[in-house]
S.K.: 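Below are the structure tokens for one structure; questions will follow.
Below, read A as the first sequence line, B as the second, and so on, with proteins coming before strands; counting in each chain starts at 1. On a predicted model such as this, the values are computed, not experimentally measured, just so you know. All values below were derived from every heavy atom in this structure, side-chain atoms included, with hydrogens, water molecules and symmetry-related copies excluded.
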Number of protein chains: 2
Amino acid sequence: MPEHAHDHNHDQAKERFFDRIKEQGFKLTGKRQNIVEILLAEDRYISAKELLERMKEYYPRISFDTVYRNLHLLKEERLIEESVFGDGGSKFRITCDTHDHHHHYICTRCGKTELVEGCPMDDLGLTVPKGFHVETHRFEIFGACSDCS
Amino acid sequence: MPEHAHDHNHDQAKERFFDRIKEQGFKLTGKRQNIVEILLAEDRYISAKELLERMKEYYPRISFDTVYRNLHLLKEERLIEESVFGDGGSKFRITCDTHDHHHHYICTRCGKTELVEGCPMDDLGLTVPKGFHVETHRFEIFGACSDCS
DNA sequence: ATCAATGCAAACCTTTTGCACGCGT
DNA sequence: ACGCGTGCAAAAGGTTTGCATTGAT
């Protein structure tokens, strides 16, 4: 893959996210663009706090409420994913649109992720207890990535 | 199983938990006993808030700090388990000592659990990414139990 | 021009901490 | 008697909300 191909894919992905926002009837504001850009460039789980700090570069007056409101909106639209880390705080990452349903290896140091192959709900041959109605599940593998080891 | 057998097992289990606390050099205070008793009787995930309310029956002056301090201690000693629910708040349940490592079906309404047979880390045949050092994992299945459906 | 999005401030909820007193050992 | 455990009060941290203003369409 040529070196500039990555940036091209990156821009393509960005436009796809922007289109999704507009299609859903939400305004494509600078802050929303900025959130998508940051999450897309980082490609890892980052906290609302870190996101806020990064956004202050372009929007010095931005505050937590705007960040959270947009994160909730983007999550509703399934453009980003949320995970509650060990310390109880949430972090967010851009949705990997390469796969539909998936799970992650998550680096607890830097938030970087790798896809898990398969899903325990499909592959584990589970016997769901009688009368139990499954709604959601959570499968996450935490540890240190190769860079952070 | 005769009707009183359950209570007998229950008392046996209770004593085992109390012994564990003493063995580790911690004082067996009334509040610690009460927490174990409540969690043992409930046999489901309950929040610090609910626990506090229940304990007020016996200890009207008890406050959150004591509840949390004891929950942390009991969790350190692996006598209880913690799970972060969808709303971001933690809930706690007595450790099922019947199995060592395990996962749960968890009712999001009442907190009741059922054991999951097997563990995705063992049974999924995972190929851990090169350089990734696995430390912990989380696998939980949420839904409505037969009582709450 | 319209109505959603934002900034500000304040509230909210869960959880944690410092300190002096009380209780299990 | 000793020192951990507890209550109180206050703070911390992350997240949410009401309201007036700004800005994308």
S.K.: Shortest non-hydrogen contact from A:A48 to A:L71?
M.R.: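 Smallest interatomic distance, heavy atoms only, reads CB-CD1, 4.1 Å.
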S.K.: Take nucleotides 20-25 of chain C nucleotide by nucleotide from the 5' end and write B, S or -, depending on whether a protein heavy atom sits under 4.0 Å from the base, only from the sugar-phosphate, or from neither.
M.R.: ----BS
S.K.: Can you name the residues that form a side chain to side chain donor-acceptor pair (under 3.5 Å) with B:E77, not counting sequence neighbours?
M.R.: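 With sequence neighbours excluded, B:E77 shows a side chain to side chain donor-acceptor pair (under 3.5 Å) to B:Q24, given in chain and number order.
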S.K.: Restricting to nitrogen or oxygen on both sides, can you table the protein-nucleotides 9-14 of chain D pairs closer than 3.5 Å?
M.R.:
| unit_1 | atom_1 | unit_2 | atom_2 | d |
| --- | --- | --- | --- | --- |
| D:dA9 | N6 | B:D65 | OD2 | 3.1 |

S.K.: Tell me the salt bridge (Lys or Arg N to Asp or Glu O under 4.0 Å) pairs involving residues 140-149 of chain A, sequence neighbours left out?
M.R.: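 Matches after skipping sequence neighbours: A:K112-A:D147, A:E140-B:R138.
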S.K.: Could you go step by step and tell me if B:Y105 and B:F142 meet the ring-ring contact (aromatic ring centres under 6.0 Å, His included) rule?
M.R.: CA-CA 6 Å; B:Y105 294 89; B:F142 295 99; over 10 Å; no
S.K.: Hey, is the side chain of B:R32 poking within less than 4.0 Å of OP1 or OP2 on D:dG5, counting only N and O atoms?
M.R.: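 For D:dG5, OP1/OP2 do have a side-chain N/O of B:R32 under 4.0 Å.
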S.K.: Do the ring planes of B:H102 and B:H104 sit parallel (below 30°), tilted (30 to 60°) or perpendicular (above 60°)?
M.R.: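 Judged by the thresholds at 30° and 60°, the geometry between B:H102 and B:H104 is tilted.
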S.K.: Would you say A:S63 reaches C:dC8's phosphate, i.e. side-chain N/O to OP1/OP2 under 4.0 Å?
M.R.: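 For C:dC8, neither OP1 nor OP2 has a side-chain N or O of A:S63 closer than 4.0 Å.
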S.K.: Around atom CG of B:D100, are there more than 12 heavy atoms from other residues, nucleotides or ligands closer than 6.0 Å?
M.R.: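 Check fails, neighbour count at 12 or below.
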S.K.: Give a yes or no on whether a salt bridge exists between A:R93 and A:E42, defined as a side-chain N under 4.0 angstrom from a carboxylate O.
M.R.: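 A:E42 and A:R93: not salt-bridged.
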S.K.: Is the count of non-hydrogen atoms from other residues, nucleotides or ligands lying under 6.0 Å from B:F64 atom CZ greater than 12?
M.R.: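 Atom CZ in B:F64 is crowded, with more than 12 foreign heavy atoms closer than 6.0 Å.
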S.K.: Kindly give the atom pairs (protein nitrogen or oxygen, nucleotide nitrogen or oxygen) under 3.5 Å for nucleotides 19-21 of chain D.
M.R.:
none

S.K.: Restricting to side chain to side chain donor-acceptor pair (under 3.5 Å), what partner residues turn up for A:R69, sequence neighbours left out?
M.R.: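 A:R69 satisfies side chain to side chain donor-acceptor pair (under 3.5 Å) with no other residue.
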S.K.: Are the aromatic ring centres of B:H137 and A:H103 under 6.0 angstrom apart?
M.R.: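 Judged by ring-centre distance (under 6.0 Å), B:H137 and A:H103 do not meet the cut-off.
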